[in-house]
Structures are given as C-alpha cells and as structure tokens.
Amino acid sequence: MDVKNGVKIIVEDVSKSFTTNGETRLALDHINFSINQGEFVAILGASGCGKSTLLNMIAGIETCENGRILINDSNLNQPERHRMMMFQESALFPWYSVIENVMYGLRFKRGLDPKTYREIALYYLATVGLKNYADHRVYQLSGGMKQRVALARALAPNPQILLMDEPFSALDASTCEQLYRDLQRIWNSKKKTVVWVTHNVREAIVLAQRILVFSPHPGRIIKEITVDLPLSRTIHDTSVSELHDKIIAILNKK
Ligand SMILES: Nc1ncnc2c1ncn2[C@@H]1O[C@H](COP(=O)(O)OP(=O)(O)O)[C@@H](O)[C@H]1O
Ligand SMILES: [Mg+2]
C-alpha cells in the first residue's frame, strides 16, 4: 500500500462544550481514537452529536476544550493545505468555469507555470469523470456534478488528509450510488487518509474501512466497527444490509 500521502491522526481525550444564553451544554465527551495513514474512517451519528465540531477540530478551525489532536505526532501545526475540507454545500464559484474552480484548489501551490496548473486540474477532473466539462460554468451543472467538481478541487493540491462533512447528503440516492462507486475507486488508487462524517449508516458501511459510531448528544464513541468487506460494495449488498441492521440496533440501544 502506498502510504506516502497518508498521515496518522490521534484524537486524545477531546471534549467540547458550547455556552448559549448562559447555558453550557456538552457537545463532545472525552473522545479518543486514532486513524492510520491511508485509512478511510467514518464518523457516524445522528444530527447534533458533534460530528462537524470534531471534524472542524481536526481541521484546526475549532479549538479543543481539553485533550489534544496530533497529526503525524505534532500538535496540529502543519500548514492548512495538508488537510482539505469538503462540505455538504461546496463553496464553488458558480460564475467560474469548472476548471477554474479546480485550479482555485491549487492556489497554495506557487511557482508552477499556467499550463501545469491546467494539466493538474484536468487530471483531477478526469479522475472524477468530468474532463469534458472543464469549460462549463458551475451553475450549469447538477448537484452531483458540482460535488464532483468540489472533490476534484479538494484532491488537486494532493493533500494528505481529506476531511469530508456529509458531502453527499443533499444528493439523490442514485447520484450518491454513482459517487460511492467512484469514491471507492479514487480512494483505492490514491490511498489518502479520509475522515468521512455522515449520519447515513449505509454510506458509512459502503465507503469506510472503520466506523466510529457516536451516541446522540453529547457525542461519545459507543462502538468501533471494522468493515471487513471487499471494495466495490454497494448499498444493496446483503453483507452491507446485515451490518446496517447491526449498527441500527446499536444506535437504538442508546
Ligand atoms: N458555534 C456553536 N455555538 C453553540 N453551539 C454549537 C456551536 N456549534 C455546534 N454547537 C452545538 O453542538 C452540538 C453539536 O453540533 P455539530 O457538531 O454541528 O453536530 P453534527 O455535525 O453532528 O450535526 C449541537 O447541539 C450544536 O447545536
Ligand atoms: Mg454537521
């Protein structure tokens, strides 16, 4: 396995609470886990269990109340470009072309000639199946295609970690299925370290190697599940359905 692009993430005894109108509520309660280089891990839990808060802490845009997060054994002090975030609604520029949006992802890569920026962007557009749409405007695209552009933009600077906050949750089921297939293929060839946040149990099973199941508010890890199924899995596989039922039972117990 090529692990050169991978990074190890350690989340150590991390908690977080928020105070609103004088009332303090615990959002995350003593979270501990680590993610190996090149691993694809899903953070699975109901809305409000603290998934985005945790992902933002790994991204370094939210502070830890206690505990710490280590990336490659150092205390979150790597430059931002090693970690790329992708959100439910990706902040693409609708009036720019597809390729201009992907090249925007390369803005931290200084000193390349313009032709090379374009070549890199085209390569990642081909990876997500949009090579022929390079010169389309983003507003002309469907929701699924927009998320493909956002994925190409996130991949383009060759980051070590991809932090994905429910990037497919606004898409219809059949678009999601295509994207799951493509994502498995892309992850298998690029072997990035991926932290994938979702409330969708089947999505977590289809994509991840390991699932951290969170309790509802406040978020705690109630179960860690290794998904020991071959790639190219789909939400319709019997083995996926069986694991889905097992996870639902775990969630219902809480
Ligand atoms: N900036 C904030 N100020 C106050 N409360 C917040 C803030 N961010 C998140 N929360 C609260 O923390 C909890 C977890 O939120 P979040 O991480 O967004 O959950 P999830 O992504 O799992 O839906 C929720 O109860 C939410 O209302
Ligand atoms: Mg969220």
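Numbers here simply count residues along the sequence, with the first being 1.
Looking at Glu65 and Lys16, no side-chain N of the basic residue comes within less than 4.0 Å of a carboxylate O on the acidic one, giving no salt bridge. A salt bridge does not link Arg68 to Asp13: none of the charged side-chain nitrogens sits closer than 4.0 Å to a carboxylate oxygen. Classification of Lys115 and Glu119 as a salt-bridged pair holds, one side-chain N sitting under 4.0 Å from a carboxylate O.
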Carefully, step by step, assess Glu177 and Val206 under the rule side chain to side chain contact (heavy atoms under 4.5 Å, CB included).
CA-CA 10 Å; Glu177 281 184 53; Val206 166; over 6 Å; no
Intermediate values then yes/no, side chain to side chain contact (heavy atoms under 4.5 Å, CB included), Asn66 and His30:
CA-CA 9 Å; Asn66 67 286; His30 296 281; 4.1 Å; yes
Does the pair Val128 and Tyr124 meet the rule for a side chain to side chain contact (heavy atoms under 4.5 Å, CB included), with working shown?
CA-CA 6 Å; Val128 301; Tyr124 285 100; over 6 Å; no
Given side chain to side chain contact (heavy atoms under 4.5 Å, CB included), test Arg148 with Gln178 step by step and report yes or no.
CA-CA 11 Å; Arg148 284 177 191 275; Gln178 286 170 17; 3.7 Å; yes
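Looking at Asn158 and Lys192, their side chains do bring a donor and an acceptor atom within 3.5 Å of each other. Side-chain contact annotation: Thr19 with Arg25, donor-acceptor N/O pair under 3.5 Å absent. A side-chain donor-acceptor contact under 3.5 Å links Thr198 and Glu203. Using modelled atom types and a 3.5 Å distance limit, the side chains of Asp135 and Ser97 yield no donor-acceptor pair. For the residue pair Thr175 and Asp172, a side-chain donor N or O sits within less than 3.5 Å of a side-chain acceptor on the partner.
Counting non-hydrogen atoms of neighbouring residues, nucleotides and ligands closer than 6.0 angstrom, the CG atom of Asp113 exceeds 12 such neighbours.
For Tyr139 and Trp95, the ring centers sit 6.0 Å or farther from each other. The six-membered or imidazole ring of Tyr96 lies away from that of Tyr104, with a centre-to-centre distance of 6.0 Å or more.
Cation-pi geometry between Lys190 and Trp187 is not met at under 6.0 angstrom from the ring centre and within 45 degrees of the axis.
In this pair, Trp196 and Phe40 present their aromatic rings tilted. The plane angle is within the 30 to 60° band.
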